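What follows is a short report on a single structure.
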Protein chains: 2
Amino acid sequence: MPDDVFHPVDAETALAGTPPGHKDELRLWLRLLTCTNLIEAEIRRRLRTEFDTTLPRFDLLAQLERAQGGLTLGEISRRMMVTGGNVTGLATRLEEEGLVERRPDPSDRRVQRLRLTARGRRDFARQSAAHESWIAELLGGLSDRDRAALHALLGRAKASVRTGLEGSP
Amino acid sequence: MPDDVFHPVDAETALAGTPPGHKDELRLWLRLLTCTNLIEAEIRRRLRTEFDTTLPRFDLLAQLERAQGGLTLGEISRRMMVTGGNVTGLATRLEEEGLVERRPDPSDRRVQRLRLTARGRRDFARQSAAHESWIAELLGGLSDRDRAALHALLGRAKASVRTGLEGSP
DNA sequence: CCCAGATGCTTTAGGCTTCAAGGATCGAGG
DNA sequence: CCTCGATCCTTGAAGCCTAAAGCATCTGGG
């Protein structure tokens with residue numbers, strides 16, 4: 001609904017320094033983003049230097065680990081919230097590295113089912129343990145109380161976002 | 001504090017092993033990541049559909065906007081916390097679109113100084129206003145009280161992460 | 001049976017990102 | 001002046017990611 005074509009009020013007021021009260025939300029968002037990026041960058045860095053792997057690879061293995069019997073590429077795509085084409089590429093690279101294997105689904109020839117190999121399971125176990133301890137290290141400075149409060153508030157934030165998203169997906 | 005080790009009923013808590021008590025940190029991290037990704041994905045989507053641009057382009061313009069006189073590519077690189085090669089590419093694309101212009105620094109011939117063009121300033125003003133209202137919309141479901149509490153707790157989380165990073169950078 | 005739409009995967013083009021290597025320039029010490 | 005190391009930027013290779021198009025297959029209504 002681009003009904004604001006003839007009302008550049010928003011653009012003007014945004015430049016005016018103190019438009020409405022939207023500054024609080026913006027500051028909160030920037031801090032949320034900074035926090036997440038700080039942690040995520042460090043995790044990516046350690047995955048690379050200590051295991052020569054990447055976060056997307058790790059995430060895909062994690063999905064397979066927690067779902068016995070393997071997953072179809074489509075299921076992985078939905079769980080990781082990325083596009084199908086993306087998963088095709090990740091699966092191909094992980095297959096070349098021998099951590100994962102594709103096998104056709106007997107009941108539906110369109111489907112490719114992905115499973116961890118023994119090596120994939122072993123590698124992921126090491127990576128997963130390290131990952132968990134890294135997170136604990138980075139967030140260990142929070143008290144149990146703060147951690148619980150933050151978890152609860154983020155739950156409300158998530159609910160707010162999903163409400164704001166109504167109609168989009 | 002749920003330690004229902006033998007009841008992996010929830011999909012979220014489907015973490016098999018039971019080493020220490022690091023699960024709380026991990027759950028907090030996953031929720032933080034989900035929140036951020038949810039918002040960020042929506043912002044990227046709207047920037048693309050409504051302005052035919054991307055978040056990195058927007059971020060770069062924002063840096064230029066808030067710093068009169070232009071910035072060198074190195075300054076932009078540091079402020080955006082990305083590599084120099086990345087900024088080179090972004091600047092080149094923005095220059096081709098006419099939103100930004102490169103000009104040599106008279107006092108140091110290694111340096112490229114980047115400035116917004118008139119068109120870049122105009123486009124960014126529209127994008128910025130929309131961006132701010134999107135964030136306000138997505139986080140508007142939180143009360144002022146919750147928002148303030150979340151902001152404070154994220155500040156502590158950031159401090160915890162920086163402490164955990166000591167020695168890395 | 002047939003076919004039309006839905007579904008699952010792959011491919012392609014383009015952008016973002018990093019790391020590593022390379023070229024140009026600067027500044028300081030000899 | 002000259003050279004050495006630091007700084008600034010660019011380039012190239014590789015991976016991640018998306019949107020869109022395309023192919024194969026499945027499913028349900030006639």
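In this text the structure is predicted, and so the values were computed from the model without any measurement. Letters go in sequence order (proteins before strands), and every chain restarts at 1.
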Is the backbone N or O of A:Gly98 less than 3.5 Å from a side-chain atom of A:Thr117, with the two atoms forming a donor-acceptor pair by type?
-> yes

Would you tell me if any nitrogen or oxygen in the side chain of A:Arg102 comes within less than 4.0 Å of OP1 or OP2 on C:dT10?
-> yes

Roughly how many Å is it from CG in B:Leu90 to C1' in C:dG15, rounded to a whole number?
-> 9 Å

Grab the CG-P distance between B:Leu73 and C:dG23 for me, whole Å please.
-> 20 Å

Is the shortest side-chain N/O distance from A:Asn86 to OP1 or OP2 of D:dT18 below 4.0 Å?
-> yes

Residue A:Arg93, side-chain heavy atoms: nucleotide from C:dC16, D:dG15, C:dC9 that is nearest = D:dG15

Separation of D:dT7 P from B:Glu75 CD (nearest whole Å) = 15 Å

OP1 or OP2 of D:dT18 under 4.0 Å from side-chain N/O of B:Arg48 = no

Among C:dC16, C:dT10, C:dT18, which nucleotide sits nearest the side chain of B:Val82?
-> C:dT18

Roughly, in whole Å, what's the span from CG in A:Leu55 to P in D:dA14?
-> 22 Å

Minimum-distance pair of heavy atoms, taken over all atoms of B:Glu97 and B:Arg119 = O-NH1, 2.6 Å

Between C:dT17, C:dT11, C:dG15, which nucleotide gets closest to the side-chain atoms of B:Thr54?
-> C:dG15

Contact class for B:Thr72 (heavy atom, under 4.0 Å): base, sugar-phosphate, or nothing?
-> sugar-phosphate

Please report the closest heavy-atom contact between B:Ser160 and A:Leu142, naming both atoms and the distance.
-> OG-N, 4.0 Å

Classify the side-chain pair A:Thr92/A:Arg102 by whether it contains a donor and acceptor separated by less than 3.5 Å.
-> yes

May I ask you to list the residues of residues 104-116 of chain A, by number, that have any heavy atom positioned under 4.0 Å from an atom of DNA chain C?
-> A:Arg110, A:Val111, A:Gln112

Length of the CD-P vector between A:Glu42 and C:dT18, whole Å | 14 Å

Just distance, no hydrogens or angles: give the donor-acceptor pairs under 3.5 Å from side chains in residues 80-89 of chain A, sequence neighbours left out.
residue	atom	partner	partner atom	Å
A:Thr88	OG1	A:Gly84	O	3.3

From the options D:dC8, D:dC17, D:dC9, select the nucleotide whose nearest atom is closest to the side chain of A:Pro56.
-> D:dC17

Phosphate contact (C:dC16 OP1 or OP2) by B:Arg57 side-chain N/O below 4.0 Å = yes

Closest non-hydrogen atom pair between A:Phe124 and A:Ala62, with its separation | CZ-CA, 3.5 Å

Of all heavy-atom pairs linking A:Ile43 and A:His131, the shortest is CG2-CD2, 3.8 Å

Using atom CG of A:Leu71 as one end and atom P of C:dG8 as the other, report the distance to the nearest whole Å.
-> 13 Å

Expressed in angstrom and rounded to an integer, what is the separation of B:Glu40 atom CD from D:dC17 atom C1'?
-> 12 Å

Would you classify A:Gly74 as touching base, sugar-phosphate or nothing, given that sugar-phosphate means primed atoms plus P, OP1 and OP2, and contacts are heavy atoms under 4.0 Å?
-> sugar-phosphate

Would you mind reading off the distance between A:Ile76 atom CD1 and D:dC16 atom P, rounded to a whole angstrom?
-> 14 Å

If you find the nucleotide of DNA chain D closest to B:Gly85 and the one closest to B:Arg78, which residue's nucleotide is nearer the 5' end?
-> B:Arg78

With salt bridge (charged side-chain N to carboxylate O under 4.0 Å, His left out) as the test, would you mind laying out the steps for B:Arg103 and B:Glu101 before giving the verdict?
-> CA-CA 6 Å; B:Arg103 57 176 58 184; B:Glu101 61 184 4; 2.9 Å; yes

